[in-house]
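Beneath this line is the structure, given in structure tokens, with notes to follow.
Since the structure is predicted, the reported quantities are computational estimates derived from the model, not experimental observations.
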Amino acid sequence: MKLLTDFVYLQLLDILTTLAFLMQGVAEANPFVRWALAVGENPVQSLVMVKVVAVALAVYCVVRARHRVLRIANIFFAIVVAYNLVVIIISAPALNS
């Protein structure tokens, strides 16, 4: 269950860092998320819907005892969130003055 909790937490952090990127005018790199943003009514709703699908897949992994897949996904999203945070911090106006 901890793997699933960690996954959900990482998805929430990914939403927040993606929104921070979008507010700075950075384009979304993931083609699926980029498509969802293009067809959705607003970015928050689009990102939440993508993450609902991701969490559903994570639940499937837990039900099917595919813990290794979920562990790898958690590592991947931890790296993505860490990268996003580093880029946001580096590009912050106060640091570039």
Side-chain angles (χ1 to χ4, degrees):
M1 194 60 160
K2 181 168 177 355
L3 283 174
L4 184 58
T5 303
D6 291 347
F7 185 82
V8 171
Y9 180 68
L10 288 166
Q11 297 311 300
L12 292 172
L13 290 174
D14 189 43
I15 287 173
L16 294 174
T17 57
T18 299
L19 288 172
F21 270 167
L22 294 174
M23 290 170 51
Q24 292 180 0
V26 177
E28 172 59 45
N30 181 322
F32 178 67
V33 175
R34 193 171 45 238
W35 170 82
L37 290 168
V39 300
E41 292 189 26
N42 67 57
V44 174
Q45 181 183 17
S46 297
L47 289 171
V48 168
M49 292 311 297
V50 168
K51 297 307 178 177
V52 165
V53 172
V55 170
L57 290 171
V59 169
Y60 176 81
C61 287
V62 169
V63 169
R64 292 298 204 170
R66 302 294 308 237
H67 303 290
R68 184 171 185 267
V69 172
L70 196 49
R71 195 172 297 112
I72 291 168
N74 283 349
I75 291 167
F76 172 78
F77 278 104
I79 291 168
V80 167
V81 168
Y83 171 81
N84 289 351
L85 289 171
V86 168
V87 171
I88 290 166
I89 291 167
I90 289 172
S91 64
L95 294 177
N96 293 322
S97 300

**Study point:** Any side-chain heavy-atom pair of N42 and Q45 under 4.5 Å
**Key:** yes
Exercise for review: Kindly work out whether a path of hydrophobic side-chain contacts (I/L/V/M/F/W/Y, heavy atoms less than 4.5 Å apart) joins V55 to M49.
Suggested key: no
Exercise for review: Enumerate the residue pairs fulfilling salt bridge (Lys or Arg N to Asp or Glu O under 4.0 Å) with a member in residues 15-26, sequence neighbours excluded, ordered by first and then second residue.
Suggested key: none
Review point. Quick one: salt bridge (Lys or Arg N to Asp or Glu O under 4.0 Å) pairs with a partner in residues 32-49, sequence neighbours left out?
Key: none
Revision key, fill the gap. All heavy atoms of A36 vs all of S46, minimum pair found to be O-OG, 3.0 Å
Exercise for review: Check the hydrophobic clustering (I, L, V, M, F, W, Y; side-chain heavy atoms under 4.5 Å; chains of links allowed) and say if L16 and V8 are grouped together.
Suggested key: no
**Study point:** For E28, all residues meeting side chain to side chain donor-acceptor pair (under 3.5 Å), sequence neighbours excluded
**Key:** none
Review point. Under a single-linkage rule joining Ile, Leu, Val, Met, Phe, Trp and Tyr whose side-chain heavy atoms are separated by less than 4.5 Å, which residues share a cluster with V33?
Key: I15, L19, L22, F32, W35, L37, V39, V44, L47, V48, V50, V52
Check your understanding: What residue pairs, at least two apart or across chains, pass salt bridge (Lys or Arg N to Asp or Glu O under 4.0 Å) with a residue in residues 1-17?
Key -> K2-D6, D14-K51
Review point. Tell me, which pairs form a salt bridge (Lys or Arg N to Asp or Glu O under 4.0 Å) where one or both residues lie in residues 53-66, sequence neighbours left out?
Key: none
Review point. Does Q24 have any side chain to side chain donor-acceptor pair (under 3.5 Å) partners at least two apart in sequence or in another chain, and if so, which?
Key: S91
For residues 67-76, tabulate all N or O donor-acceptor pairs below 3.5 Å that involve a side-chain atom, not counting sequence neighbours.
| unit_1 | atom_1 | unit_2 | atom_2 | d |
| --- | --- | --- | --- | --- |
| N74 | ND2 | L3 | O | 3.1 |

Check your understanding: With sequence neighbours excluded, what pairs up with T17 under the side chain to side chain donor-acceptor pair (under 3.5 Å) test?
Key -> N84
**Study point:** Residue list, ring pair (Phe, Tyr, Trp, His ring centres under 6.0 Å) with F77, at least two apart or on another chain
**Key:** F7
Exercise for review: Would you kindly confirm whether L4 and Y60 end up in one hydrophobic cluster when ILVMFWY residues are joined by side chain heavy atoms under 4.5 Å apart?
Suggested key: no
